Asks: 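My questions will all concern the structure given below.
Note that the numbering runs from 1 along the sequence shown for the chain. From a predicted model like this one, the values you see are computed outputs, not experimental measurements.
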Amino acid sequence: MRKVDTLFEKVLLITLIMFIFGCGGSGSGGTDANPQTGSLEVVIKGLSFKSGSNKGATSATGQFTFKKDGKIQFSLGDFLVGKEVSGAAVIKLEDLFAAGNKDSKYGKTLQILNILDADLDTTNGIEISSATVEGVSKELKAIDLSSANFDAQYSALVEKVKVVSNNNNVQDLTSANAVVGYQKLLIQTLLNQKIATYDLPGIQLSIELPNNEVWHTTAGVANKETNTKMTNEHILRIGSATKSFVALLIMQLVDEGKLSLTQTVEEFFPGKFPHGSEMTVKMLLNHTAGIFSFTNEFPGYDQVFNITSTKPMEELWFYRYLGHSSFVYSNDSLVQIAVDAANGFVPTEAKPYLMNEPGTVWNYSNTHYVMLSQIAEQVTGNTWESEVEERFITKLGLTHTTIPKNGEAELTGLFASGYINWVESQGAEAASIFGYPDSDIDRTSNDPSYTGGSGNMISTTSDLLIWAKAVMKGDLLSPETQAKLLDPFRVEAFGSAIEMELGIVHDLKYKYFGHRGQMAGYDAAWQFFYTDINDVAGTGRPCAIVINRTLHLLDGNHTNGSALVLNDVLKILYGDDAVAEKHSKPSSAKKKKYLPLSEY
């Protein structure tokens, strides 16, 4: 190799070495040795950063580099975005402010980020171009978040952004609305993360936000084979959320004086149940009547419940539901399963009742709500479906909500396909009966007769949001009957401390009233979250979620759309207020050989 002699060659070589080993990372400028890579908790592209010799702009995925064990400062031109913080793999925007997301400077900074976003839609991330920052550099430099003149400074920035971006849609945002806009991004990011982490097909979410805005959003796909994007117009099965419609029908009949909560099962089903005269309409509504659920008719149920039965496995409800999605039951035959169980039960001194003494213990039973739908038919002379359609679906404008007829196993129109892993849901033994693989299969097809009034309705989260608000705001009942609707029965179930009202469930920990629904292929819930238990209607806000996949077991634990997604959404919106300070310690979930196919 020729010796480097001239001063020019030496300078050139030194410059080249500095370039190779000193420049790189994100953006322009030098980097420290062994720079670390981090990212913001959501996608914010175009924020300038500086950490030691590392400097540049956050990438399209919100990434940045920082000096190991060093500090990092974010900025927009001369405007500092929060305080300098320690570099980390993930940095939350709220961590840049002394008081976190309650800091007034946090909200004001979000006002600025929102209007600098290229498409003014924060839900898909915030993208800030260097040209825009350069164009409004004077206005950004003038911003003082502590100044009494901030509003005027901000308005000047808004006007300049309009000119620079040539977009008159840029508008002044209040701090509160800017925070909600960012919360939407956090929620959308959360939904995408849940899809990826748990391999979910799609999620449909509707929610009333703290600023009273009603927001509908989705993530994932409606069909895994076609990769069709999930929308808020896709209809889905809502399972046991149907029970809330049947319950409100019953309560309206009570309101109208056509039915009493103290009337007995014996009056409507004479001679059918050994303890029918002790069971009341109210007990059916709050699941304390003690009637066997037809969904518990699984292989070996006779031994589990001490029932004398000669029914072959091929005729069991569980067997048919598992492998023959288009089999058609009548409502009478669903109730008859419970009648046969009640009359085939062999009582003992230790266990005198098949399920429980009427009115004393909560035992969730789908049969209760099929019976309630039949009681409504006896009282009105009409089908329960027509009564629900006239009283609720038409009246409230639930345009995507339907009650399919028996025999209509297939969904039509714009629908989201449903998926289930039977091994995960019911165990390898049950799945092996029909040779199901340990993977998701399409289970969109479900004959509505399998659940009847306990879980056969179809809807969307946008309709369920309307329903939740009408139910909990008291729009459907007189104040006196509304109070009866919310009469609680305390329960420890499914790992939660709850109160079972008359067709509505109150989760004491997560501070909402509502009803969930799980069935093959789908997981649904509508909830009404409140901040003040003494003013639920006044402080409450509705929300609804549907996932087109069954979620009975996840990592060995019971789960559902509320637990997996909705509770985290509420934490984003309300922080520590999303969870009650005091609530009973939930009992641990017990894994059964066969799990219930529909939940509260």
Side-chain angles (χ1 to χ4, degrees), residues 38 40-52 54-58 62 64 66-67 70-88 90-118 120 122 125-165 170-186 209-211 572-577:
L40 298 167
E41 66 174 331
V42 295
V43 174
I44 303 179
K45 177 186 178 182
L47 277 186
S48 296
F49 64 84
K50 188 176 187 306
S51 176
N54 302 276
K55 59 182 180 179
T58 53
F64 53 82
F66 63 94
K67 181 180 179 181
K71 300 284 189 177
I72 187 169
Q73 175 69 60
F74 296 96
S75 63
L76 288 166
D78 290 325
F79 173 74
L80 298 182
V81 178
K83 63 180 181 178
E84 187 179 58
V85 296
S86 297
V90 178
I91 292 180
K92 295 181 178 181
L93 192 66
E94 63 187 62
D95 293 339
L96 306 181
F97 299 87
N101 59 19
K102 298 185 184 302
D103 198 311
S104 63
K105 293 181 179 180
Y106 172 78
K108 291 176 180 178
T109 298
L110 288 176
Q111 287 178 261
I112 294 168
L113 294 178
N114 271 258
I115 63 168
L116 293 176
D117 182 26
L120 302 179
T122 57
I126 297 174
E127 181 177 346
I128 303 171
S129 74
S130 57
T132 300
V133 173
E134 184 178 348
V136 298
S137 58
K138 178 181 176 183
E139 287 72 19
L140 281 172
K141 186 175 183 179
I143 293 284
D144 181 354
L145 300 181
S146 301
S147 172
N149 295 322
F150 171 77
D151 288 344
Q153 297 164 359
Y154 178 64
S155 293
L157 175 63
V158 169
E159 293 306 312
K160 190 58 180 286
V161 171
K162 287 181 181 180
V163 174
V164 172
S165 63
V170 179
Q171 297 179 0
D172 283 46
L173 288 175
T174 64
S175 177
N177 285 340
V179 168
V180 167
Y182 189 69
Q183 287 174 329
K184 285 183 181 180
L185 174 55
L186 290 170
L209 299 165
N211 65 346
I572 288 172
L573 295 174
Y574 299 98
D576 293 340
D577 291 335

Asks: Is there a side chain to side chain contact (heavy atoms under 4.5 Å, CB included) between Gln73 and Leu96 once you walk through the steps?
Replies: CA-CA 9 Å; Gln73 175 69 60; Leu96 306 181; over 6 Å; no
Asks: Under the rule for ring pair (Phe, Tyr, Trp, His ring centres under 6.0 Å), what residues qualify as partners of Phe66, not counting sequence neighbours?
Replies: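 Phe66 satisfies ring pair (Phe, Tyr, Trp, His ring centres under 6.0 Å) with no other residue.
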Asks: Flag the pair Glu127 and Lys45 as a salt bridge only when some basic side-chain nitrogen lies within less than 4.0 angstrom of an acidic carboxylate oxygen.
Replies: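 Salt bridge flag = yes for Lys45 with Glu127.
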Asks: Got a sec, which pairs hit side chain to side chain donor-acceptor pair (under 3.5 Å) with one end in residues 174-183, sequence neighbours left out?
Replies: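 For residues 174-183, and leaving out neighbouring residues, the side chain to side chain donor-acceptor pair (under 3.5 Å) pairs sorted by first residue read Thr174-Asn177, Asn177-Asn211.
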Asks: Please examine the side chains of Ile91 and Glu41, heavy atoms only from C-beta on, and report whether any two atoms are closer than 4.5 Å.
Replies: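 A side-chain contact under 4.5 Å is absent here.
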Asks: Taking only residues two or more places apart in sequence or in another chain, which ones pass side chain to side chain contact (heavy atoms under 4.5 Å, CB included) with Asn101?
Replies: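 For Asn101 the side chain to side chain contact (heavy atoms under 4.5 Å, CB included) partners, ignoring immediate neighbours, are Glu94, Tyr106.
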Asks: Kindly write out the residues that satisfy side chain to side chain contact (heavy atoms under 4.5 Å, CB included) with Val133, not counting sequence neighbours, or none if the list is empty.
Replies: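 Val133 satisfies side chain to side chain contact (heavy atoms under 4.5 Å, CB included) with Leu76, Ile128, Leu140 only.
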Asks: Quick check against the 3.5 Å criterion: does Lys184 have a side-chain atom that pairs as donor or acceptor with the backbone of Leu186?
Replies: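 A pair under 3.5 Å: no.
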Asks: If you look at every heavy atom in Val136 and Leu116, which pair is closest and at what distance?
Replies: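 Between these two residues, the closest heavy atoms are CG2-CD2, 4.3 Å.
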Asks: For Ser129, check side chain to side chain contact (heavy atoms under 4.5 Å, CB included) against everything at least two apart and list the hits.
Replies: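 Ala131, Thr132.
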Asks: Can you sort out the partners of Lys83 under side chain to side chain contact (heavy atoms under 4.5 Å, CB included), two or more places apart, ordered by chain and number?
Replies: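 Side chain to side chain contact (heavy atoms under 4.5 Å, CB included) check on Lys83 returns Val85.
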Asks: If every non-hydrogen atom of Gly52 is compared with every non-hydrogen atom of Lys50, which pair is closest and at what distance?
Replies: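 Looking at all heavy atoms of both residues, the closest pair is O-NZ, 2.9 Å.
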Asks: Who pairs with Lys162 by salt bridge (Lys or Arg N to Asp or Glu O under 4.0 Å), at least two apart in sequence or on another chain?
Replies: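 Expected list: Glu159.
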Asks: Which heavy atom of Gly181 sits nearest a heavy atom of Asn114, and at what distance?
Replies: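 Looking at all heavy atoms of both residues, the shortest contact is CA-OD1, 4.3 Å.
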Asks: How close do Val164 and Gly135 get, counting heavy atoms only, and between which atoms?
Replies: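 Taking every non-hydrogen atom into account, CG2-O, 3.7 Å.
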Asks: Verify, without hydrogens or angle tests, whether Ser48 (side chain) and Ala57 (backbone) share a donor-acceptor contact under 3.5 angstrom.
Replies: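 No, because the side chain of Ser48 does not come within donor-acceptor range (under 3.5 Å) of the backbone of Ala57.
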Asks: Taking salt bridge (Lys or Arg N to Asp or Glu O under 4.0 Å) as the definition, give me every residue that meets it alongside Lys160, ordered by chain and number, with sequence neighbours left out.
Replies: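 Lys160 satisfies salt bridge (Lys or Arg N to Asp or Glu O under 4.0 Å) with Glu139 once adjacent residues are dropped.
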Asks: Give me the atom names and distance for the closest heavy-atom approach of Ile72 to Phe74.
Replies: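 Looking at all heavy atoms of both residues, the shortest contact is CD1-CZ, 3.7 Å.
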Asks: Could you work out, with side chain to side chain donor-acceptor pair (under 3.5 Å) as the rule, every residue matching Ser104, not counting sequence neighbours?
Replies: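 Checked Ser104 against side chain to side chain donor-acceptor pair (under 3.5 Å); zero matches.
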Asks: Compare every heavy atom of Val42 with every heavy atom of Leu185, then report the nearest pair and how far apart it is.
Replies: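 So the minimum-distance heavy-atom pair works out to CD2-CG2, 3.6 Å.
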Asks: Does Glu84, at its CD atom, have more than 12 non-hydrogen atoms belonging to other residues, nucleotides or ligands within less than 6.0 Å?
Replies: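 More than 12 heavy atoms, drawn from other residues, nucleotides or ligands, come within 6.0 Å of this atom.
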Asks: Can I get a per-line list of side-chain donor-acceptor pairs under 3.5 Å for residues 141-153, giving both atom names and the distance, sequence neighbours left out?
Replies:
| from | atom 1 | to | atom 2 | distance (Å) |
| --- | --- | --- | --- | --- |
| Asp144 | OD1 | Ser146 | N | 3.0 |
| Ser146 | OG | Lys105 | NZ | 3.3 |
| Ser147 | OG | Asn149 | N | 2.9 |
| Gln153 | OE1 | Asp144 | N | 2.8 |

Asks: Among all residues two or more places apart in sequence or in another chain, which pass the salt bridge (Lys or Arg N to Asp or Glu O under 4.0 Å) test with Lys67?
Replies: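 Once residues adjacent in sequence are excluded, Lys67 has no partner under the salt bridge (Lys or Arg N to Asp or Glu O under 4.0 Å) criterion.
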Asks: Does Ser155 have any side chain to side chain donor-acceptor pair (under 3.5 Å) partners at least two apart in sequence or in another chain, and if so, which?
Replies: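 Partners of Ser155 by the side chain to side chain donor-acceptor pair (under 3.5 Å) criterion, ordered by chain and then number, come out as Asp172.
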Asks: Measuring from atom CD1 of Ile44 to atom CD1 of Ile126, what distance do you get when rounded to the nearest 0.5 angstrom?
Replies: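 It is 4.5 Å, given to the nearest 0.5 Å.
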Asks: Okay, side chain of Asn54, backbone of Ser51: is any donor-acceptor separation there less than 3.5 Å?
Replies: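 Yes, the answer is positive, given that a donor and an acceptor are paired below the 3.5 Å cut-off.
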Asks: Is a donor on one side and an acceptor on the other found under 3.5 Å between the side chain of Tyr154 and the backbone of Gln111?
Replies: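 Side chain of Tyr154 to backbone of Gln111: a pair is present.
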Asks: Does a side-chain heavy-atom distance below 4.5 Å link Leu93 with Leu110?
Replies: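 Side chain of Leu93 against side chain of Leu110, heavy atoms only: contact under 4.5 Å found.
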Asks: Quick one: CG on Leu47 to CG on Leu113, what's the gap to the nearest 0.5 Å?
Replies: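 The CG atom of Leu47 sits 6.0 Å away from the CG atom of Leu113.
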